[in-house]
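Read the structure below first, then the notes.
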Amino acid sequence: MNRHFFGDTAVLLGRSLRHISRSPDTIITTAIMPIAFMLLFVYVFGGAIQTGSDSYVNYLLPGILLITVASGISYTAYRLFLDMKSGIFERFQSMPVARSSVLWAHVLTSLVANFISLVVVVLVALAMGFRSGAGALAWLAVAGIVMLFTLALTWLAVIPGLTANSVDGASAFSYPLVFLPFISSAFVPTQSMPGPVRAFAENQPVTAIVNTIRDLFAEQQVGGDIWVALAWCAGLLVVTYGVAMTIYRRRTS
């Protein structure tokens with residue numbers, strides 16, 4: 001690792017964060033769609049959905065958090081695509097800047113921006129009646145799982161950001177990720193789904209992550225779902241990081 005990596009990453013992170021601070025609408029836009037889904041399902045569909053939970057917003061919030069992340073990472077691909085097309089990468093290559101720090105700055109920016117969006121969504125959920133008796137350790141565990149999920153998806157976003165031919169192509173990859181929670185336990189129990197749909201829902205990463213977060217919020221014993229959730233996040237992170245770095249080296253060599 002280049003000995004200037006951390007310093008270069010910090011400088012480039014500051015650059016990206018300044019861009020976001022001048023355009024706060026990106027964070028607001030990221031939070032609007034998940035909040036709209038939460039309002040719609042709680043106040044329109046919530047009364048007709050049987051979840052076995054006293055409060056539907058308590059049941060729903062874990063899935064909304066993942067939708068927030070999936071919505072937010074599209075901006076990572078968008079910002080990275082713009083930097084690639086503007087020639088800024090070539091300019092950095094001509095300077096004594098650690099090569100990987102450019103990507104890590106975008107990744108860390110994604111973590112910061114998504115964290116702010118997640119806080120906004122949780123505050124709205126509290127206003128809608130979300131309540132949890134979970135302690136500090138449980139909240140930290142939820143934050144850790146969500147941030148690991150965000151990191152994995154952010155490295156996934158780096159790939160289209162480096163390879164897309166258009167702005168729309170750079171951000172469109174996130175659409176399936178946004179709707180993946182709908183085929184999971186995020187909105188309704190999987191037991192109510194038809195056979196093939198239930199099989200898919202119970203064996204995809206969102207269900208394990210949602211179930212783990214829900215148990216932590218409800219102060220219930222976390223079962224094997226937490227290990228499945230961590231395995232999905234860690235596996236996705238390793239694969240996407242490897243692919244993204246390989247593409248990046250080829251594009252900047």
Side-chain angles (χ1 to χ4, degrees), residues 8-9 11-37 66-95 97-118 120-121 149-183 204-206 233 236-253:
D8 293 343
T9 302
V11 171
L12 294 173
L13 172 61
R15 166 184 173 266
S16 295
L17 291 178
R18 283 192 295 273
H19 288 173
I20 290 181
S21 67
R22 294 166 186 162
S23 181
D25 56 299
T26 57
I27 293 177
I28 296 172
T29 302
T30 298
I32 282 178
M33 183 176 65
I35 290 173
F37 279 139
L66 300 194
I67 289 177
T68 304
V69 173
S71 175
I73 59 166
S74 63
Y75 287 100
T76 301
Y78 169 75
R79 289 189 293 265
L80 189 55
F81 173 81
L82 292 183
D83 273 359
M84 288 292 293
K85 293 301 180 183
S86 69
I88 194 70
F89 277 68
E90 287 77 6
R91 183 178 179 184
F92 286 146
Q93 282 183 292
S94 66
M95 302 168 64
V97 176
R99 179 179 297 186
S100 59
S101 65
V102 181
L103 284 188
W104 272 106
H106 279 282
V107 170
L108 294 177
T109 300
S110 172
L111 293 180
V112 173
N114 277 289
F115 179 78
I116 295 172
S117 297
L118 289 165
V120 172
V121 170
F149 180 71
T150 305
L151 183 61
L153 287 195
T154 297
W155 278 106
L156 177 62
V158 168
I159 297 173
L162 293 172
T163 59
N165 294 317
S166 66
V167 171
D168 291 338
S171 57
F173 84 99
S174 66
Y175 298 155
L177 298 177
V178 170
F179 289 101
L180 193 60
F182 288 90
I183 315 175
Q204 58 121 321
V206 170
C233 290
L236 181 60
L237 174 59
V238 169
V239 172
T240 53
Y241 174 79
V243 173
M245 290 303 296
T246 299
I247 295 172
Y248 179 62
R249 292 189 186 101
R250 289 177 180 174
R251 292 294 302 270
T252 59
S253 59

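The residues of the chain are indexed from 1 along the displayed sequence.
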Hey, what do you get for [atom1] ([X]) to [atom2] ([Y]), rounding to the nearest 0.5 Å?
X    : Y    : atom1 : atom2 : answer
R249 : L103 : CZ    : CG    : 9.5 Å
I32  : T68  : CD1   : OG1   : 12.0 Å
L151 : L156 : CG    : CG    : 11.5 Å

Residue Y78 excluded, over 12 heavy atoms near OH under 6.0 Å: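 Not buried by this count: 12 neighbours or fewer within 6.0 Å.
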For I73 and N114: C-alpha separation, side-chain torsions, deciding distance, then whether side chain to side chain contact (heavy atoms under 4.5 Å, CB included) applies. CA-CA 8 Å; I73 59 166; N114 277 289; 4.2 Å; yes
Nearest heavy-atom pair of [X] and [Y]: which atoms, and what distance?
X    : Y    : value
A77  : A157 : CB-O, 3.4 Å
S117 : A31  : O-CB, 4.4 Å
T150 : L111 : CG2-CD2, 3.7 Å

Derivation of the side chain to side chain contact (heavy atoms under 4.5 Å, CB included) call for V69 and L118: CA-CA 8 Å; V69 173; L118 289 165; 4.1 Å; yes
Between Y248 and V102, is the side chain to side chain contact (heavy atoms under 4.5 Å, CB included) condition met? List the steps. CA-CA 10 Å; Y248 179 62; V102 181; 3.7 Å; yes
Return the set of residues passing side-chain contact (heavy atoms from CB on, under 4.5 Å) with L236 (not counting sequence neighbours), or none when no residue passes.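 side-chain contact (heavy atoms from CB on, under 4.5 Å) list for L236, sorted by chain: A152, L153, T240.
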Looking at residues at least two apart in the chain, or sitting in another chain, which of them share a side-chain contact (heavy atoms from CB on, under 4.5 Å) with Y241? W104, W155, M245
Donor-acceptor check, side chain of T109 to backbone of A105, threshold 3.5 angstrom: yes or no?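 Indeed, once roles are kept as given, a pair shorter than 3.5 Å links the two residues.
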Does some side-chain heavy atom of L66 sit less than 4.5 Å from a side-chain heavy atom of L180?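 No; the side chains remain at least 4.5 Å from each other.
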Who are the side chain to side chain donor-acceptor pair (under 3.5 Å) partners of T154, not counting sequence neighbours? S110
